[in-house]
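Below you'll find the structure, written out as structure tokens, and then a few comments.
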There are 2 protein chains.
Amino acid sequence: MPVTASTLEVRPLSRTLKALGDETRLRIIALLSHSELCVCHLERALDLPQSNTSRQLAVLKAAGLVESRREGSWVYYRLSPQLDALCDSQVKALVAAFASREAIRREVARLLKACGPDACT
Amino acid sequence: MPVTASTLEVRPLSRTLKALGDETRLRIIALLSHSELCVCHLERALDLPQSNTSRQLAVLKAAGLVESRREGSWVYYRLSPQLDALCDSQVKALVAAFASREAIRREVARLLKACGPDACT
DNA sequence: TGGTGACATGACGATATTCAAATATCGTCA
DNA sequence: TGACGATATTTGAATATCGTCATGTCACCA
């Protein structure tokens, strides 16, 4: 019996890892490991054009890594819970590594003060 | 201070995850989680043409995920230790999940008997 | 209702990845 | 050395991905 992709059930995992295999998207995950953020936050933190930021978020969303909610004009993104066990362990390991980074935490705190509904209104 | 890829040091991780973001390559990692194997083993287990198997192994090797040693005509592949801390935690989580799968273990045991230097000579 | 800011998406060129088939290389043995 | 099996690499065509520009949509407000 060959070790097929389906018997191993690696399909969800391969999609997840494929979405994570990109520097920009990993930076987004690193930021979201600390807090829910809206697109304008991410745009500034990543120093990327708006359309590019939005595109990478769409990729992460399609892979089930993030989810979003709308609040007025702003759309907030946050990490999404993982249903697949393999995906869950991978994402948990990643988030744990990023969440412990003090430098990221500070940057996120700065972002939350500098812009967004609490400051831009 | 923007959250750049270099300050986050996600470059090695993005390369690793990109290499892992493929069903075939994940299947190879799953098999190698149980034992060192040669290309002929993998070819049969994956039911893939030789050139494809070899190329996927080259991708994994370029990403530093596997390493190889030659024994006569055969080339054995095994998982490679990870120097980067982020890569290491990701790979460890993956290998732990695969290593506990009894079905994979049995298939690997079968392969090791059915072909290779111990059986094909 | 018109205007503006926040975000998403269609279209495009540039670049990268995929696979199979053919070919090249390497080690072994006669 | 010459032939053969095991593995690696090259090739080329199809496909996918990336980043940007322009445009579209949605929510809010005057």
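Every chain is numbered from 1 and lettered A, B, ... according to where its sequence line falls, protein lines coming before strand lines.
For B/Ser51, the side-chain atoms get nearest to D/dT9 when compared with the rest of D/dG19, D/dA8, D/dT9. Closest to the side chain of B/Asp22, out of C/dA8, C/dC7, C/dT18, is C/dT18. If you check D/dT20, D/dT7, C/dA8 against the side chain of A/Pro49, the one that comes closest is D/dT20. Ranking D/dT7, D/dG19, C/dG27 by closeness to the B/Arg70 side chain, first place goes to C/dG27. With C/dA8, D/dT7, D/dT9 as the candidates, the nucleotide lying closest to the side chain of B/Glu43 is D/dT7. Relative to the side chain of A/Ser73, the nucleotides D/dA8, C/dT9, C/dG5 differ in distance, and C/dG5 lies closest.
If you check C/dG27 for Watson-Crick or wobble pairing at under 3.5 angstrom, you find it paired to D/dC4. Applying the Watson-Crick and G-U wobble criteria (two distances, each under 3.5 Å), C/dT1 pairs with D/dA30. Nucleotide D/dT11 has C/dA20 as its partner under the Watson-Crick or G-U criteria, with both atom distances under 3.5 Å.
When heavy atoms are screened at a 4.0 angstrom cut-off, A/Glu23 is found touching no nucleic acid atom at all. Using a 4.0 Å heavy-atom criterion, one finds that B/Arg25 contacts the sugar-phosphate atoms exclusively. At the heavy-atom level, A/Lys61 lies nowhere under 4.0 Å from the strands shown.
A sub-4.0 Å separation between OP1 or OP2 of D/dT7 and a side-chain N or O of B/Tyr76 is absent. Contact between the side-chain N/O atoms of A/Tyr77 and the OP1/OP2 oxygens of C/dA6 is not found at any separation under 4.0 Å.
Put simply, NZ on A/Lys18 is 9 Å from P on D/dA16, counting in whole angstrom units. The separation between A/Trp74 atom CH2 and C/dA8 atom C1' is 17 Å, rounded to whole Å. With rounding to whole Å, B/Leu48 atom CG is found 17 Å from D/dA6 atom C1'. Put simply, CZ on B/Arg44 is 13 Å from P on D/dG5, counting in whole angstrom units. Here the C1' atom of nucleotide D/dA6 and the NE2 atom of B/His41 are 13 Å apart, to the nearest Å. Residue A/Leu60 contributes atom CG, which lies 15 Å from atom C1' of C/dA8 at whole-angstrom precision. D/dT20 atom P lies 12 Å from atom CD of A/Gln50, rounded to whole Å. Rounded to whole Å, the distance from CG on A/Asn52 to P on C/dA14 is 18 Å.
For a distance-only test at 3.5 Å, the side chain of A/Arg55 fails to qualify as a donor-acceptor partner of the base of D/dT17.
B/Arg11 and A/Glu23 are joined by a salt bridge, as a carboxylate oxygen and a charged side-chain nitrogen come within less than 4.0 angstrom of each other. Ionic pairing of B/Lys61 and B/Glu67 is not present here: no N-O contact between side-chain nitrogen and carboxylate oxygen is shorter than 4.0 angstrom.
A side-chain contact (heavy atoms from CB on, under 4.5 Å) with B/Ser35 is found for one member of B/Leu79, B/Ile104, B/Val108 and no other, namely B/Val108. With B/Leu57 as the fixed residue, the side-chain contact (heavy atoms from CB on, under 4.5 Å) test singles out one of B/Val75, B/Ile28, B/Leu65: B/Ile28.
For the atom pair NZ (A/Lys18) and CG (A/Leu13), the distance works out to 13.0 Å, reported to the nearest 0.5 Å. Atoms OG1 and OH, from B/Thr53 and B/Tyr77 in turn, are 10.5 Å apart once rounded to the nearest 0.5 Å.
When each of A/Gly21 and B/Ala58 is assigned the nucleotide of DNA chain D with its nearest heavy atom, B/Ala58 is the one assigned upstream, toward the 5' end.
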